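Heads up: the structure comes next, in structure tokens.
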Amino acid sequence: EIMRLDIFKSKLKNLQKTIKLYPIVLFSIFVATIFAIMGIWYIEIGALNSTLTADLLISSLYFAMSYMIVKLIITDRNIEITKGKKALVYTIVSVIMGLVCYFLIIKVDKSFVLRNQITQIGLFVTLFVGMFVAGHFNVRVDYADYAVKIVLSIIESLIYCVTIFIGIVAILFTTKELFKLQFNLSNVIVSCAAVIFLLLNASIILSKFPLKYSDENLKIKWLLPFKFLFTRIIAPIFLIYGFILLLYIIKVVVLKTIPNNIITNLILWYGLFSVVVLFISKTVEDKFINVYNKIQPIILLILSIMMFYSIGIRISYYGVTEERYLVVVGGIFIVISMIYYLFFNKKTYITIPTTFLILALISSVGPLSAYNISRIDQKAKLEKMLVEENLLVDGKIKSQSNVNPAKIKEIKDKLDYFVVKHSTKELPYLGDKFTTSQEDMNRVFGFRGDEFESLYGQIRSFVNDRLEIDTTNYDRLLENIQFQY
């Protein structure tokens, strides 16, 4: 009992220490939690509607991470600031960073609305990774151990939070069912999740997030089971998987066939996970891992050529979309990482997350962002098709009724893309209220938009593995016969 009490006191002291170290960070996350609960219960106060509540929730998290980055940088660089002015300096810089992030994702129109999810998530990832980089500019101590320790702390915190969440869900469900209580169980559960995974999770992680890891003994001492798992199971599996992908590439090159569409995703995700595995391998001392560290980057550099070739084919035919843009950026990150692992293995690995941070920021905001590049490219391809079919003349739409049904389908697909991913307001010749409904399509272009489907029918399938077919003069018969019409 005394030991348990000591453990509890120790945890309580850690919590008090965390609150003293990061009061404004925790307060910002507390505010974000309140906004999250308001959104869950659809609580609106005056002008604080559900949309603005969501915006303020994101902004509170941006501010918390910005403040953390500023504090880590100032502490790590030993910048002299008097004690009374520290909080003021942190707050002013963080508010500026938070406001910049806020207005980068907000499109000012008749109301404040989120511009797009890629920008929102991209900035969140940039700031999150920035916290990993900001506190460790000291190149004399290896960065890999520092980052892995923080990740392990996050995993530990998530295990605590998931366990607590499951327990609370079980308690709430049992109480409601046994005592026949009338309350919105789903909303209560989601509200508990917001408190646990935002406020409690952040408190636990921050308690294990010292301001200066460079002052401590960083070297990770892996337990034997985990070291065996990594060196004798995970690393070999990654090598074998890589060789399988290489064999497929050899097959494609030798037979001169077009690569399967799925190969792009397979290489991309394999490459991203390999970056993580190679990063962790820096913290492990093992002969096989030393061989793995030399072979894995070469394999991925070869695979990246096929990945870029495959995604290049799709972009040449269908143009740039946000998803294809992110595939290209992911491929660039993999190539840079593999070159670094191959030729600069002895240096600090802080370059890897820094590269990821820069690419994430470029992809999220600015003229080279995924949103902007895809908009420009898809708009250009749409206008090219409209001009070719004499539908766009001198910047104005001229309706036509004799357009090829296949072209109509392509035009409709592009317009649907703008409706879903962007906005038809970016196509000034269509008008602000244009939709891709049959009425609007017919009014503006002179065709409904479903002529291809009406002429050739929807794609339907009929499968019958017991159909009798005359195989005279044929060598073989496929087991599954599929008709499309």
Side-chain angles (χ1 to χ4, degrees), residues 3 7 11 128-129 132-133 136 140-164 166 201 204-205 207-210 213-214 216-248 265-304 330 333-353 355-356:
M3 182 179 287
I7 293 172
K11 296 293 182 184
F128 184 78
V129 176
F132 281 74
V133 176
H136 197 83
R140 292 173 295 173
V141 182
D142 189 46
Y143 176 80
D145 294 274
Y146 167 80
V148 171
K149 275 196 172 185
I150 298 177
V151 171
L152 291 176
S153 298
I154 294 173
I155 293 172
E156 181 184 349
S157 176
L158 287 174
I159 291 172
Y160 291 152
C161 291
V162 169
T163 304
I164 294 170
I166 292 172
N201 190 30
I204 297 172
I205 293 171
S207 69
K208 299 176 178 297
F209 205 123
Y213 262 112
S214 55
E216 302 180 5
N217 181 18
L218 274 179
K219 198 62 182 176
I220 294 178
K221 296 178 181 178
W222 291 98
L223 295 175
L224 189 59
F226 292 108
K227 185 176 181 180
F228 181 85
L229 174 67
F230 184 80
T231 60
R232 298 297 179 266
I233 298 177
I234 294 177
I237 286 175
F238 269 76
L239 272 183
I240 294 169
Y241 190 87
F243 281 121
I244 291 172
L245 293 177
L246 279 177
L247 288 174
Y248 175 77
N265 289 325
L266 290 178
I267 295 174
L268 176 67
W269 289 108
Y270 171 66
L272 292 175
F273 281 117
S274 295
V275 171
V276 176
V277 172
L278 284 164
F279 191 93
I280 295 173
S281 70
K282 182 75 170 177
T283 67
V284 180
E285 294 181 1
D286 183 81
K287 290 182 180 180
F288 176 77
I289 290 298
N290 292 336
V291 176
Y292 171 80
N293 288 341
K294 294 176 182 178
I295 298 175
Q296 184 68 42
I298 297 172
I299 292 175
L300 266 168
L301 287 173
I302 298 171
L303 293 176
S304 296
F333 172 66
I334 291 169
V335 169
I336 293 174
S337 300
M338 293 306 119
I339 292 173
Y340 189 85
Y341 285 138
L342 196 60
F343 298 106
F344 305 97
N345 196 323
K346 302 298 181 182
K347 295 184 179 294
T348 177
Y349 276 15
I350 196 171
T351 305
I352 304 301
T355 303
F356 183 84

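Heads up: numbering here begins at 1 and tracks the sequence. Owing to the predicted nature of the structure, the values given are computational and were not obtained by experimental measurement. Only heavy atoms go into these numbers, but all of them, side chains included; no hydrogens, no water, no symmetry mates.
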Just grab all the salt bridge (Lys or Arg N to Asp or Glu O under 4.0 Å) pairs involving residues 229-244, residues at least two apart or on different chains.
->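 The answer is R232-D286.
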
Sequence neighbours excluded - salt bridge (Lys or Arg N to Asp or Glu O under 4.0 Å) pairs with any residue from residues 236-246 =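 Sorted result for residues 236-246: empty, none.
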
My understanding is that only residues two or more places apart in sequence, or in another chain, count here; which of them pass side chain to side chain donor-acceptor pair (under 3.5 Å) with [X]?
{"X": "T231", "answer": "none"}
{"X": "S281", "answer": "N293"}
{"X": "S274", "answer": "Q296"}

Are the ring centres of Y143 and Y349 closer than 6.0 Å?
->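 For Y143 and Y349, the ring centres are not under 6.0 Å apart.
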
Residues forming a ring pair (Phe, Tyr, Trp, His ring centres under 6.0 Å) with [X], sequence neighbours excluded:
{"X": "F128", "value": "F132"}
{"X": "Y292", "value": "none"}
{"X": "F243", "value": "none"}

Test side chain to side chain contact (heavy atoms under 4.5 Å, CB included) applied to [X] - qualifying residues, sequence neighbours left out:
{"X": "T351", "answer": "Y340, T355"}
{"X": "I280", "answer": "V148, W222, F230, V276, T283"}
{"X": "V291", "answer": "I295"}
{"X": "L301", "answer": "V335, M338, I339, L342"}

Would you mind reporting whether P353 and F279 have side-chain heavy atoms less than 4.5 Å apart?
->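 In short, these two side chains touch, coming nearer than 4.5 Å.
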
